[in-house]
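Order of appearance sets the numbers: ligands from 1, and atoms from 1 within every ligand.
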Amino acid sequence: MTPPQPKPPPTRGATQRARTLQGRCRRAPLVPQSASNPEAAPTRRRDYCAGAKTWRTEAEGFTRRPGIKGSVIMRGLEAEGPRPPATPCECVKPALEKGNLLTEPIGYLESCFSTKNGTPRQPSICSLSQACLKIRKSIFNNPEHSLMGLDQFSHVWILFVFHKNGRLSCKAKVQPPRLNGAKTGVFSTRSPHRPNAIGLTLAKLEKVEGGAIYLSGIDMVHGTPVLDIKPYIADYDSPQNLIEPLGDVNLQDNKHKPKTSFEFRSSGVTDNCDQQQLSGCVEPHPCTSTKEKPTCPEDRTSEEIHVEHDDTAKIRHSLKHGEEIAAGYGSESRSDQSLSVAEKQVGSCHQEKSFSEEGTDKRSRRGQEAAILRGNSVQTEPGALRYPSGAADEARHSVVPAWVRDAPVTTLEVRFTPHAEMDLRHLSSGEPDVGQTAFKYFQSAEEAKHAIEAVLSADPRSVYRRKLCQDRLFYFTVDIAHVTCWFGDGFAEVLRIQHASEPVQMTDPAESLVSLGS
Ligand SMILES: C[S@@+](CC[C@H](N)C(=O)[O-])C[C@H]1O[C@@H](n2cnc3c(N)ncnc32)[C@H](O)[C@@H]1O
């Protein structure tokens with residue numbers, strides 16, 4: 001029998017690690033799969049990592065289930081490929097540190113738009129659009145707790161997943177419909193087709209009711225998985241605002257002056273049908289016609305892109321005194337709802353540009369540039385923008401390039417045929433016996449008509465459709481109205497409005513879990 005061998009002395013580093021970890025990490029029993037907790041399946045070993053203050057498993061993807069102490073949800077979407085390095089306590093190195101995030105939607109949006117077709121490209125296009133978001137009980141046992149205090153805000157940021165993008169693909173340059181075929185970098189647009197299919201919408205908060213919020217001015221389709229809600233705070237979210245101390249606000253006791261309660265179907269909402277938005281909603285499409293096909297300057301050198309100037313093609317940015325550009329949320333309309341909020345909260349407005357994260361060199365360079373639409377791409381030209389003098393002014397100002405505001409796609413006139421008008425009246429009559437409107441989101445035929453006008457006046461067609469399928473009928477559904485229309489030169493005409501035959505299906509939550517990163 002061999003005597004027990006003495007262990008080799010631990011290295012200095014190992015001793016230190018052991019000390020650091022001692023008492024901090026403990027192994028927990030396995031989480032059994034049960035009917036009451038189906039989301040916990042499949043069973044895996046889990047550990048509590050005090051350093052990260054969370055439960056972790058061998059696989060990335062565990063999230064702590066809020067509201068249920070110590071319980072764990074393992075999502076079925078584990079990253080493929082090499083396992084992440086384990087810490088000395090066998091905890092997996094937190095995925096968050098690498099920027100990987102396994103998301104769990106806080107809810108699925110119930111929207112008046114059932115398909116991407118006809119869904120506005122930015123929220124301010126159709127302020128009459130409506131949606132409801134119920135916080136899922138699997139996120140918070142008491143969803144209403146998570147919404148406490150939110151009713152004191154007029155607007156909220158909604159972070160969501162473009163779950164209807166189809167396959168996850170994106171290109172470095174995209175052709176926003178509003179630029180009518182011109183290309184620009186994906187990150188300078190609001191294109192849904194981006195490396196992480198995350199959308200960001202500033203919506204009007206109509207009311208909070210229990211564990212649900214009611215929104216208007218939205219650009220998301222029914223069933224959209226929502227990842228987060230954040231209050232819109234002009235002081236933080238608008239570069240032109242100076243941050244002031246909060247003063248007499250008592251947040252803990254929730255003693256803010258409460259917002260006047262909204263009726264969900266707020267009749268005071270008006271629509272701006274002439275709003276135009278930059279949108280990067282780029283439909284993947286084949287280029288079938290060499291004649292009509294937009295020319296793609298993809299293969300130009302970057303030098304060419306920066307050096308070429310053509311006076312006839314450029315659009316100069318005109319700066320009017322007191323003009324505001326709602327760059328913070330990609331809105332370039334001066335009359336949109338979001339902008340009016342910013343104006344209200346800000347007071348005096350100036351032409352703005354956020355320089356806060358840029359170096360001096362870039363500042364001065366950008367201060368001398370103007371964006372132009374050149375051929376089929378967006379370029380910049382020196383010497384056309386003027387900025388207020390002084391670094392302090394610059395830090396408070398934001399600017400959007402001219403090609404956003406003065407994009408080539410114009411507002412369309414919207415007409416309804418007598419038949420369509422009749423359809424609308426018929427649709428809105430609902431069940432006359434009970435005197436109820438048939439619409440779910442709109443209060444009247446008038447409201448529905450305004451919403452349809454708003455959607456169409458912004459020309460919701462893809463570039464492909466606009467250029468190559470001009471004479472095709474265009475369909476979209478808003479609320480229960482299935483709209484058939486066609487587009488002519490400078491106008492859209494509604495031909496028919498029928499009852500959307502099929503009720504819109506909610507996305508199966510289990511199918512909508514979205515893994516970001518891998
Ligand atoms: C251009 S994106 C802008 C969205 C958001 N305001 C943003 O800036 O991130 C709006 C368009 O995305 C499309 N869309 C809306 N919800 C979607 C979803 N859940 N999945 C895929 N596409 C969606 C619609 O076609 C809509 O016109």
So is Leu109 in contact with ligand 1, going by heavy-atom distances below 4.0 Å?
no

Taking the cut-offs as 6.0 angstrom to the six-membered ring centre and 45 degrees off its axis, would you call Arg415 and Phe491 a cation-pi pair?
yes

The atoms of ligand 1 lying under 4.0 Å from a heavy atom of Pro120, numbered in the order shown, are 10 (C), 26 (C), 27 (O)

I need the atoms of ligand 1 closer than 4.0 Å to a non-hydrogen atom of Thr224, numbered in the order shown.
16 (N), 18 (C), 19 (N)

Test: Arg466 and Asp459 ion pair at under 4.0 Å:
yes

Carefully, step by step, assess Phe113 and Thr477 under the rule side-chain contact (heavy atoms from CB on, under 4.5 Å).
CA-CA 6 Å; Phe113 300 108; Thr477 304; over 6 Å; no

Does the N or O separation between Ser191 and ligand 1 drop below 3.5 Å for any pair?
no

Atom indices of ligand 1, in the order listed, that fall short of 4.0 Å to a heavy atom of Met220
15 (C), 16 (N)

Number the atoms of ligand 1 from 1 as they appear, then name those within less than 4.0 Å of a heavy atom of His163, with their elements.
18 (C), 19 (N), 20 (N)

Centroid-to-centroid, Phe162 to Phe160, below 6.0 Å?
yes

Glu447 and Lys449 ion-paired at < 4.0 Å
no

For ligand 1, which atoms have a heavy atom of Val161 less than 4.0 angstrom away?
19 (N)

Quick one: do Asp423 and Arg496 make a salt bridge, cutoff under 4.0 Å?
yes

Taking only heavy atoms of Thr201, which atoms of ligand 1 are found under 4.0 Å from at least one of them?
5 (C), 6 (N)

Backbone or side-chain N or O of Phe160 under 3.5 Å from ligand 1 N or O
no

